[in-house]
Structure formats: structure tokens, C-alpha cells
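Reading through the C-alpha cells given below for one structure.
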Amino acid sequence: MLYPIGWDAFGLPTENYAVKTGRHPAEVTKENVATFRRQLKSVGVSYDFEREVDTTDPKYFRWTQWIWLQLFNRGLAYVEEKPVWWCPALGTVLANEEVIDGLSEVGKHPVERRPLRQWVLRITAYADRLLADLKGLDWPDSTKRMQEAWIGRSEGSEVEFDLADLPGERLKIFTTRVDTIFGVTYMVIAPEHALVPRLTTPAQKAAVDAYIKAAASKSDLERTELAKDKTGVFTGSYAINPANGQKIPVWIADYVLASYGTGAIMAVPAHDERDYAFAKKYDLPTPRVIAPLDPATPEPELPFCIYGRMVNSGKFDGLASAEGKTQLDAHFSAQGRGKGTVQFKLRDWLFSRQRYWGEPFPIVWVNEADYRTALATAKHLPVPEQAVTCVINGETRYALPLPESALPLQLPVVKSYQPTGTGESPLASMPEWLEIWYQPATGASVPASQPKPGDDWVRGRRETNTMPQWAGSCWYYLRYLDPKNDQALASKEAQAYWGVPDLYVGGAEHAVLHLLYARFWHKVLFDIGAVPTNEPFTKLFHQGIILGEDGEKMSKSRGNVANPDDIIKSYGTDTLRLYLMFLGPLEAMKPWNPRGIEGVHRFLQKIWRECVTEEGGVNPKISDTATDSPELEKLLHETIKKVGEDIENLRYNTSVSQMMIFVNALQKAPQVNRRTVLAFLQVLAPLAPHITEELWERLGQKASIMQAPWPQFDPAKLASDQVKIVFQINGKHRGDQLVPVGLTEAEAVKIAQESPKVAPHLAGKTIKRVIFVPGKILNIVVA
RNA sequence: GCCCGGAUGGCGGAAUUGGCAGACGCGCUGGACUCAAAAUCCAGUUUCCUUUAAAGAAGUGUGGGUUCGACCCCCACUCCGGGCACCA
């Protein structure tokens with residue numbers, strides 16, 4: 001059994017606190033971890049603190065950086081300009097959650113989308129496997145469905161449209177409904193599309209520029225889903241529909257995203273809701289090219305968005321949609337302007353932050369000549385086949401990785417965590433760390449202000465971006481297996497012995513992002529032979545969270561926090577543990593209710609009194625010779641069974657109820673056998689370890705209760721020869737009676753007819769039908 | 001807006017997944033013990049009708065449906081929560 005704990009301690013909240021207080025995030029992290037660790041221990045959680053990990057520990061993030069180098073080496077990391085929230089007033093990049101209604105959360109300043117140089121991970125290369133391998137996982141179906149939708153595999157077609165005003169150029173679009181291509185009345189490209197400048201005519205330039213500026217301030221979410229009101233602007237240019245040769249206008253609209261498909265669509269207003277809304281607004285034609293399959297059906301209202309039969313489509317008329325798609329794909333393929341293809345909604349993963357408190361990238365940016373030299377002198381460097389480049393200050397730079405032997409690359413101590421104002425992280429304000437002479441073979445460096453140390457040294461600039469918090473949390477479950485290993489992220493032996501987590505418990509808020517990112521990393525590690533399995537989390541359970549008394553998430557600013565220290569002080573650890581379990585189902589979000597805690601506290605006190613007298617001796621009702629009543633004995637075995645099953649199924653709340661029922665019966669019993677009490681204490685021990693250990697000892701046991709083998713229930717003791725059967729007339733409850741097990745239907749009907757409660761409802765009626773469920777119910781339908 | 005959940009007494013929740021709705025606990029009411037209180041114990045506690053009891057009737061967010069029988073399955077809605085790619 002491996003039951004570990006660790007701290008995912010990089011990230012925004014700590015950094016913001018550091019900015020505010022000027023204290024080093026590492027120092028703050030250390031304090032917070034100490035508090036959490038103390039509280040967890042006081043709750044009596046049996047984590048193995050020997051295996052504790054901390055993602056901000058250089059000994060840990062050395063391996064985070066190592067994994068990242070493997071991704072880099074395999075061509076799964078690249079650099080691109082990506083739009084992020086930029087706040088000119090604060091001079092910093094903001095997270096989505098820090099932007100509220102287009103204003104910064106701090107100071108309420110206006111924000112805009114600005115493209116910045118970012119590291120991106122090619123998770124889309126694994127889209128098919130991430131989708132296909134979901135099938136074998138023992139996860140909640142809802143979570144699997146969410147991941148499926150997120151990956152968003154969609155089969156369709158790519159088609160290239162000639163451009164009337166740019167001879168030789170083509171506009172490539174993606175569509176899932178190529179069968180509607182004869183109904184295209186305009187094209188739409190995303191505001192960020194590369195062809196925008198060349199397609200925009202002088203007459204339209206002012207309008208287009210204004211539109212692009214406005215679109216730049218919206219998030220993708222605002223642009224597509226929330227916006228019922230579609231907006232757009234005409235470029236002034238035209239494309240040619242390759243299906244029928246028609247000249248059609250090219251528009252720019254922000255409901256088309258540059259990040260999905262080709263960033264351009266063919267618009268078929270008659271058969272697409274978004275296109276229809278747009279066409280109505282801008283008065284564009286909506287010709288019908290799909291009719292219902294059944295010709296007898298009256299013409300449906302537009303937009304008609306389901307499959308049907310092609311009409312007004314030249315030689316393709318009459319084909320069903322599916323067949324039409326196949327033929328059109330072949331048709332365009334033969335012309336070299338299209339093909340059937342698959343698109344994913346999943347986008348590559350923006351994997352950098354312009355922040356201080358994260359893992360530094362083990363990358364030095366050098367010029368092309370130095371890059372060639374470095375590769376020649378240091379052949380072991382983990383470089384991709386195709387060099388990763390970017391333009392910094394107008395110069396093309398090459399990404400040169402640190403050798404694995406030089407890891408970890410540590411964060412320099414900075415004077416200020418304040419934003420630089422340029423969009424770069426605070427690391428950019430550390431010239432001694434940033435601008436260096438660098439020896440590629442060893443990873444050694446000296447500040448560039450000093451003389452060049454030798455011939456095999458090159459001039460370099462370190463990467464100022466840091467990794468997002470996901471990085472450390474993507475693989476921590478592997479580090480628990482072998483937390484102190486300095487040769488590998490975990491030894492082969494440890495991995496073979498422990499495998500992957502048997503049960504992964506995590507909140508539903510991680511359903512897509514964390515759980516998808518970690519699966520991606522794990523698959524890459526599998527591909528390079530660093531882990532023996534294809535999937536990290538075979539069985540998954542989402543626990544809920546305890547909300548504040550007001551039903552809102554607990555937060556200091558809201559003042560609705562319940563502190564475990566206070567509860568432990570007044571009621572003790574076992575009461576807190578038991579109450580947390582009794583509060584409701586583990587997976588539910590439930591508010592903290594301090595009043596109910598009295599109930600479980602009384603329950604534990606009652607158990608104490610049943611075992612121990614006021615003077616501290618063993619309660620005289622307990623003896624080795626007492627014979628328990630059959631009822632108490634049966635209840636004990638039912639309790640052992642139910643608690644065992646409930647623990648297996650993570651239904652702790654109902655196991656507490658069952659134990660309460662048992663103790664109520666125990667209390668009423670005049671005599672009780674010691675074995676019965678001991679067995680009960682054992683099933684309670686996992687939830688209330690402290691009090692049960694104490695009572696176990698007071699009842700004369702020498703070894704720890706934790707060492708004793710789990711009690712077994714005897715199925716024979718659970719059997720009953722009597723069972724209650726419910727009588728219904730026309731589905732209405734009219735009485736019940738204890739009857740022998742194995743009663744036949746005829747006998748049951750006879751008993752019902754003789755029952756004083758049931759008989760009146762049968763008087764003068766004809767029995768139409770009898771439904772008999774043995775041992776449960778007899779329903780007589782009368783008329 | 002899209003994807004995923006949820007809604008049961010005054011409150012937290014239970015119901016073997018289509019077979020007695022409300023287990024268990026909190027709270028409340030009444031009683032016992034006590035000079036008194038605390039603690040503890042006993043009884044009651046979905047709503048309505050009924051003097052009370054017996055006996056009825058209604059009842060699991062709303063409106064329909066399937067079924068001998070629906071908290072559970074289907075359809076349409078309402079409200080609340082999670083996620084929507086830089087909180088993680």
C-alpha cells in the first residue's frame with residue numbers, strides 16, 4: 001500500500017502573494033507546506049511522509065525539466081506567437097481568471113489580447129491515442145464523455161478555393177458538410193488569418209482594421225459560444241466556388257477561430273445555424289441545396305442542418321449527404337484541391353508563462369552559426385530533427401537545450417517579483433543570469449559581462465518564460481514510487497513493483513485539463529521507454545469538496561473558512577474524521593454544518609461508555625461468557641458486511657449510519673460478549689483510529705488494533721427464515737406481513753385475501769392480474 | 001452558449017438501482033432523572049383531513065409519458081453547481 005502526499009507549489013497565487021509582500025515565494029511556500037503538513041498529521045492521516053514530494057524542490061523539478069527535454073527532443077515542443085491577455089496599465093500578462101468583463105481584476109484597467117512568444121506542446125499529435133485509449137479506463141462515464149468532447153474528433157473535408165483577386169493563391173477551408181458546397185454564398189476567414197492583409201481592398205481597409213482591433217479584445221469564448229449576435233466585415237475580395245465557378249465574397253468574422261481547422265470556412269447559410277444568422281444579418285443569399293431524404297416531406301424551414309439529399313448541386317443532385325461527401329472528396333482530390341480529413345477541437349497546449357514562480361526552461365537561445373557549432377561539439381544534446389527557432393529583437397535565434405547532466409536549471413534570486421512591463425517574466429530583469437557565455441557540452445555558463453572563457457563557448461540568452469503549474473503535477477504520481485532517486489525519475493524496479501495508481505482520487509474540476517495533460521505526458525514517457533504503461537490513471541474517482549456554511553467555496557476573503565484546528569480542539573480528531581465521512585457522499589459538494597458534529601461526538605462518547613465505566617474499568621456488561629442475542633449477533637455480522645462493502649465503494653457515510661444502528665442495539669443489550677465489542681471496534685477503527693485503539697487496549701488486547709486481521713462476517717448468521725412481504729392493490733400499499741422464505745405466489749395471495757387490512761380492498765372486485773416478486777411484494781390488480 | 005453533474009422533511013442525507021419514500025444524524029416537542037442545570041435516557045417529529053386514535057389522501061424541483069408499480073426509465077422545462085484551454 002502506497003499512500004503518499006506532496007505539494008504542487010508553483011503557480012500564480014504564491015507569486016501574487018510574493019509581489020504583494022516582497023517575500024520570496026520559496027519562503028512562503030515552505031511556511032504554507034509546514035502548516036498543511038501539521039494539520040494533516042493532526043487529523044491522523046496515514047500518509048507516508050517519507051515519500052513527500054515538492055514540485056518546487058530543484059531535486060524534483062530537475063526531472064520535470066528532464067521530461068520537458070524529452071518532449072523537446074521528440075519535436076513535441078515549439079515556439080509560436082500566441083495571443084494572451086495583456087494589461088497595459090499593469091504592464092503584465094494576466095490569466096483568464098484575472099480578467100473580469102474585459103477589465104483587470106486588480107485595479108479594473110482595460111485589457112487586450114496581445115501576441116507573445118510562447119512555448120507550445122504538440123498534444124494534438126497524440127489526439128487519436130488520447131481518444132482511443134479512454135475506452136479501457138475505469139473512469140466515470142461523464143468524465144470520459146467530457147474528454148471525448150474536448151478532443152472533439154470530427155471527420156470532414158479540406159477544400160481549396162481559388163481567389164479571384166490573388167491569382168495562384170488558394171484559400172483552404174475545413175468543412176464537415178462538403179455535400180453542401182453548392183450552397184456556399186460567402187467565405188469567412190478568422191481575423192488573425194494570414195491572408196487578411198492581402199485580401200483586404202483599400203476601400204475596406206479602415207473597416208477591417210477597426211474590426212480586427214475589436215476582435216482582438218475578445219476571448220475565444222466570447223467570440224464563439226456566448227455571442228448570439230454574429231459580427232463581421234467584408235474584405236472587398238472574392239473567392240471562386242470550385243463546385244460551380246460562382247464568385248463569392250470573402251468576409252472576416254470572429255465566429256471563425258484561427259485556432260480551429262484552417263481558420264477559414266465556406267459559409268452555407270441554408271444548412272448551418274451560425275452561417276444562417278450571419279447571412280440574415282448581412283443580407284446574404286441562402287440557397288437551398290439539401291432536401292429531406294423523403295421527397296414527400298414538405299420543404300423544411302431554413303436552416304436545415306441535418307443530412308438529406310443533394311439538390312441544386314449539378315451532377316451530384318439526388319445523392320444522399322454521406323454518399324455526396326465521398327464523391328466530392330474524390331472529385332476535389334482528383335483536382336488536387338481537397339481531400340477527406342479529420343480535425344480535432346483539441347488545440348496544442350500553451351506551455352509557458354511570463355512569470356517567475358515556475359520551472360525555468362532548460363534552453364539557451366543562440367544564433368544559427370553557434371547552434372551548428374554547438375551541435376557539432378556536443379553530439380549528445382537532446383535536439384529535435386527540425387531546429388526550434390524564434391525571432392528575438394529582430395534576430396532569428398535557435399533553441400539550444402541544456403545537456404541532461406546540467407539539470408536542474410535553478411531560478412535565480414531576483415530583487416523584485418514585479419512585472420517587467422514588457423511582457424517578459426521578472427527573469428528578464430536579471431542580466432547576469434539572462435545574458436551569458438555558454439558551453440553547450442557541459443551546460444556551464446558565466447555572465448556575458450565577463451570575458452569569453454574559451455573557444456567552445458557561445459553567446460546565449462536564457463529563456464525567460466517559465467513552465468505552468470501543470471508541469472509538476474503532470475508526473476508526480478511517478479515520483480512517489482522512488483522520490484529520492486537522482487539517476488532517473490523513478491527506477492525501473494520501483495515502477496515494476498508499484499505500477500501506476502490503483503485508485504486516483506481527484507476533483508471533477510480536473511476532468512479535462514489536468515487529466516488530459518498527464519495522460520499526454522505519460523504516453524510520451526511510455527514511447528521513450530521511461531514508463532512501462534500506456535495510461536497513468538486506470539481507475540478514477542472524483543471527490544467533492546466541503547463548502548463553507550453559506551454554501552459557497554471556502555475562502556479567506558469570504559470569511560467562511562472552517563479551520564480543522566478549532567474542531568480538533570473542541571471535539572477531537574476522531575470526531576472530525578467521522579463527521580467528515582458522515583456528512584454525505586464523498587463525491588458530493590456539501591456545505592459545512594457545524595451543528596451536526598454533535599451527533600457523531602455523542603456516538604463516540606456512547607461507545608466509550610459501553611466499553612468503560614466512569615471509574616475507568618471495563619463495563620461489567622462485557623464478558624467472555626455472555627451469549628449474545630441472535631438479533632445482536634445478526635446485526636454485528638450485517639455491520640461487518642456493510643462497512644466492508646461501503647469502504648470498498650467509498651460510501652463512508654452509510655457505513656457510519658450502520659455503525660450507529662449497531663451501537664444503539666449494543667446499548668440496549670444487557671450482556672455482550674467481548675468478541676462482539678472487539679469486532680465492532682475493528683470495523684470502526686479505520687474511521688476513528690484513536691479512540692478504538694485505546695478501547696481495544698482497555699479491553700485487554702496487546703497488539704495494535706491496526707495489526708489485527710479484519711473481521712469476517714458469517715453468511716449463515718445473516719440468513720433469515722422470515723421475510724416481510726408487502727401487499728399492494730393496484731399498486732397501492734395496503735399492508736405487509738412476515739412470511740416464511742420460499743413462499744409461493746398462491747400462498748401469498750391466500751394470505752393477502754385473509755388479511756384484515758387487505759381483504760376489504762378485494763371485496764366485490766375481480767382479480768385481473770397478480771404480480772409476485774418473491775420475498776418482496778405481491779401486487780394484485782383488480783377491477 | 002457548449003460539455004458534465006445535481007435538486008428528496010425545518011437541516012445533512014438514506015433507499016439493495018423499477019418494488020414499504022424519508023434509514024442514520026442534527027434540530028424541534030413532550031416526558032424521566034435533578035433543588036436546578038448540564039450530561040444521559042424514554043417517546044414523538046413529511047404534509048393535509050380528523051377532537052384524538054384508527055383509517056384515509058397527497059407527496060422526491062416543474063409539466064407530460066412508459067409501467068401492475070417510478071426518487072429511479074423516456075420527453076420537454078426551471079433553478080443550482082463544475083469545466084470551457086494563463087487558477088490548477
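Quick caveat, the model's predicted, so the values are computed rather than measured.
At a threshold of 4.0 angstrom between heavy atoms, the contacts of A:Pro585 are confined to the sugar-phosphate backbone, with no base atom among them. Within the nucleic acid shown, A:His510 comes within 4.0 Å of at least one base atom, counting heavy atoms only. If you check every strand for non-hydrogen atoms under 4.0 Å, A:Glu273 touches nothing. Among the atoms of the strands shown, base atoms are found under 4.0 Å from some heavy atom of A:Leu513. Among the heavy atoms of the strands lying under 4.0 Å from A:Arg734 are primed sugar atoms or P, OP1, OP2 only; no base atom is included. Heavy atoms of A:Trp85 sit nowhere under 4.0 angstrom from any nucleic acid atom.
Separation of the P atoms belonging to B:C73 and B:A15 is 15 Å when rounded to the nearest angstrom. As rounded to the nearest Å, B:U60 and B:C72 have C1' atoms that lie 10 Å from one another. Comparing B:A58 with B:C49, their P atoms are spaced 15 Å from each other, to the whole Å. Rounded to whole Å, the C1' atom of B:A23 lies 28 Å from the corresponding atom of B:U62. A distance of about 29 Å separates the C1' atoms of B:G10 and B:U17, rounded to the whole Å. Rounded to a whole angstrom, the distance from the C1' atom of B:U52 to that of B:A37 is 35 Å. Taking atom P in both B:A70 and B:G64, one finds a spacing of 15 Å when rounded to whole Å. The same atom, P, is picked in B:C11 and in B:G61; the two are 13 Å apart, to the nearest Å.
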Write down the protein N/O and nucleotide N/O pairs, taken from nucleotides 68-71 of chain B, whose separation is under 3.5 Å; answer none if there are no such pairs.
unit_1 : atom_1 : unit_2   : atom_2 : d
B:C68  : OP1    : A:Arg769 : NH1    : 2.8
B:C68  : O2'    : A:Asn779 : ND2    : 3.4
B:C68  : O2     : A:Asn779 : ND2    : 2.3

Enumerate all atom pairs, one protein N or O and one N or O from nucleotides 5-8 of chain B, separated by less than 3.5 Å.
unit_1 : atom_1 : unit_2   : atom_2 : d
B:G5   : OP1    : A:Arg145 : NH2    : 2.1

Scan nucleotides 72-80 of chain B against the protein and return all N/O pairs shorter than 3.5 Å with their distances rounded to 0.1 Å.
none

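Within the 3.5 Å criterion, the main-chain N or O of A:Lys553 finds a donor-acceptor partner in the side chain of A:Asn560. In terms of modelled atom types and a separation under 3.5 Å, the side chain of A:Gln418 and the main chain of A:Val19 share a donor-acceptor contact. Using modelled atom types, no side-chain atom of A:Asn649 and backbone atom of A:Arg651 make a donor-acceptor pair closer than 3.5 Å. With hydrogens and angles ignored, the 3.5 Å screen pairs no side-chain donor or acceptor of A:Thr143 with any backbone N or O of A:Trp139. In terms of modelled atom types and a separation under 3.5 Å, the side chain of A:Ser425 and the main chain of A:Asn465 share no donor-acceptor contact. A donor-acceptor contact shorter than 3.5 Å links the side chain of A:Lys590 to the backbone of A:Ala588. The backbone N or O of A:Val120 lies less than 3.5 Å from no partner atom in the side chain of A:Gln118, so there is not a single donor-acceptor pair. Of the possible polar contacts, one joining the A:Thr639 side chain to the A:Leu635 backbone as a donor-acceptor pair under 3.5 Å is found. Of the possible donor and acceptor atoms, none in the side chain of A:Asp254 sits under 3.5 Å from a partner among the backbone N and O of A:Ala215.
Considering only side-chain atoms of A:Lys590, the nucleotide from B:G13, B:G83, B:C3 that sits closest is B:G13. Comparing B:C86, B:C41, B:G83 against the side chain of A:Gln667 picks out B:C41 as the nearest. Closest to the side chain of A:Lys724, out of B:C20, B:G82, B:C41, is B:C20. Among B:C86, B:C20, B:A57, the nucleotide with an atom closest to any side-chain atom of A:Val726 is B:C20. Listed nucleotides: B:C20, B:G83, B:G12. Nearest to the side chain of A:His733: B:C20.
Here A:Glu148 does not pair with A:Lys135 in a salt bridge; the nearest charged N to carboxylate O distance is not below 4.0 Å. Classification of A:Glu645 and A:Lys641 as a salt-bridged pair holds, one side-chain N sitting under 4.0 Å from a carboxylate O.
One interatomic measurement links the two molecules: CD of A:Glu638 to C1' of B:U16, which rounds to 12 Å at whole-angstrom precision. Across the protein-nucleic acid pair, A:Leu547 atom CG and B:C11 atom P stand 17 Å apart, rounded to whole Å. Atom CG of A:Leu586 is separated from atom C1' of B:A14 by 16 Å (rounded to the nearest Å). Between the CD atom of A:Glu610 and the C1' atom of B:C41 there is a distance of 12 Å, given to the nearest Å.
Checked against the 6.0 Å centroid criterion, the rings of A:Tyr504 and A:Phe541 do not qualify as a close aromatic pair.
Partners of A:Asp348 by salt bridge (charged side-chain N to carboxylate O under 4.0 Å, His left out), not counting sequence neighbours: none found. Contacts of A:Thr464 classified as side-chain hydrogen bond (donor to acceptor under 3.5 Å, both in side chains), with partners at least two apart in sequence or in another chain: A:Glu424. Not a single ring pair (Phe, Tyr, Trp, His ring centres under 6.0 Å) links A:His637 to another residue, sequence neighbours left out. Listed by chain and number, the residues in a salt bridge (charged side-chain N to carboxylate O under 4.0 Å, His left out) with A:Glu638 are A:Lys634 (sequence neighbours excluded).
If you find the closest nucleotide of RNA chain B to A:Lys668 and to A:Pro591, the one lying nearer the 5' end belongs to A:Pro591.
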Test A:Val749 against A:Phe772 for side-chain contact (heavy atoms from CB on, under 4.5 Å), laying out the working first.
CA-CA 9 Å; A:Val749 173; A:Phe772 179 62; over 6 Å; no
Checking ring pair (Phe, Tyr, Trp, His ring centres under 6.0 Å) for the pair A:Tyr477/A:Phe537: CA distance, chi angles, key distance, verdict?
CA-CA 9 Å; A:Tyr477 58 94; A:Phe537 313 122; 4.8 Å; yes
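Scanning residues 345-361 of chain A for heavy-atom distances under 4.0 Å to RNA chain B yields A:Lys345, A:Leu346, A:Arg347, A:Leu350, A:Ser352, A:Arg353, A:Gln354.
Pairing each heavy atom of A:Leu604 with each of A:Leu684, the nearest pair is CD2-CD2, 4.3 Å.
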What pattern of brackets, bars and dots sums up RNA chain B from 5' to 3', given Watson-Crick or G-U wobble pairs under 3.5 Å, [ ] for crossing pairs and | for another strand?
(((((((..(((......[....)))((((((.......))))))(((.......)))..(((((..]....))))))))))))....
Under 3.5 Å, sequence neighbours excluded: what are the donor-acceptor pairs made by side chains of residues 10-18 of chain A?
unit_1  : atom_1 : unit_2   : atom_2 : d
A:Glu15 : OE1    : A:Tyr356 : N      : 3.1
A:Glu15 : OE1    : A:Trp357 : N      : 2.7
A:Glu15 : OE2    : A:Tyr356 : N      : 3.0
A:Asn16 : ND2    : A:Glu98  : OE2    : 3.4

Extract all donor-acceptor atom pairs below 3.5 Å that involve side chains of residues 727-739 of chain A and protein atoms in other chains or at least two apart in sequence.
unit_1   : atom_1 : unit_2   : atom_2 : d
A:Asn730 : OD1    : A:Val782 : N      : 2.9

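Base orientation for B:U17: syn, the chi torsion being within 90° of 0. Shown here, B:G9 is classed syn by the O4'-C1'-N9-C4 or O4'-C1'-N1-C2 angle, which is within 90° of 0.
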Output one letter per nucleotide in nucleotides 22-29 of chain B: B when a protein non-hydrogen atom lies under 4.0 Å from the base, S when only the sugar-phosphate is that close, - when neither is.
-BBSSS--
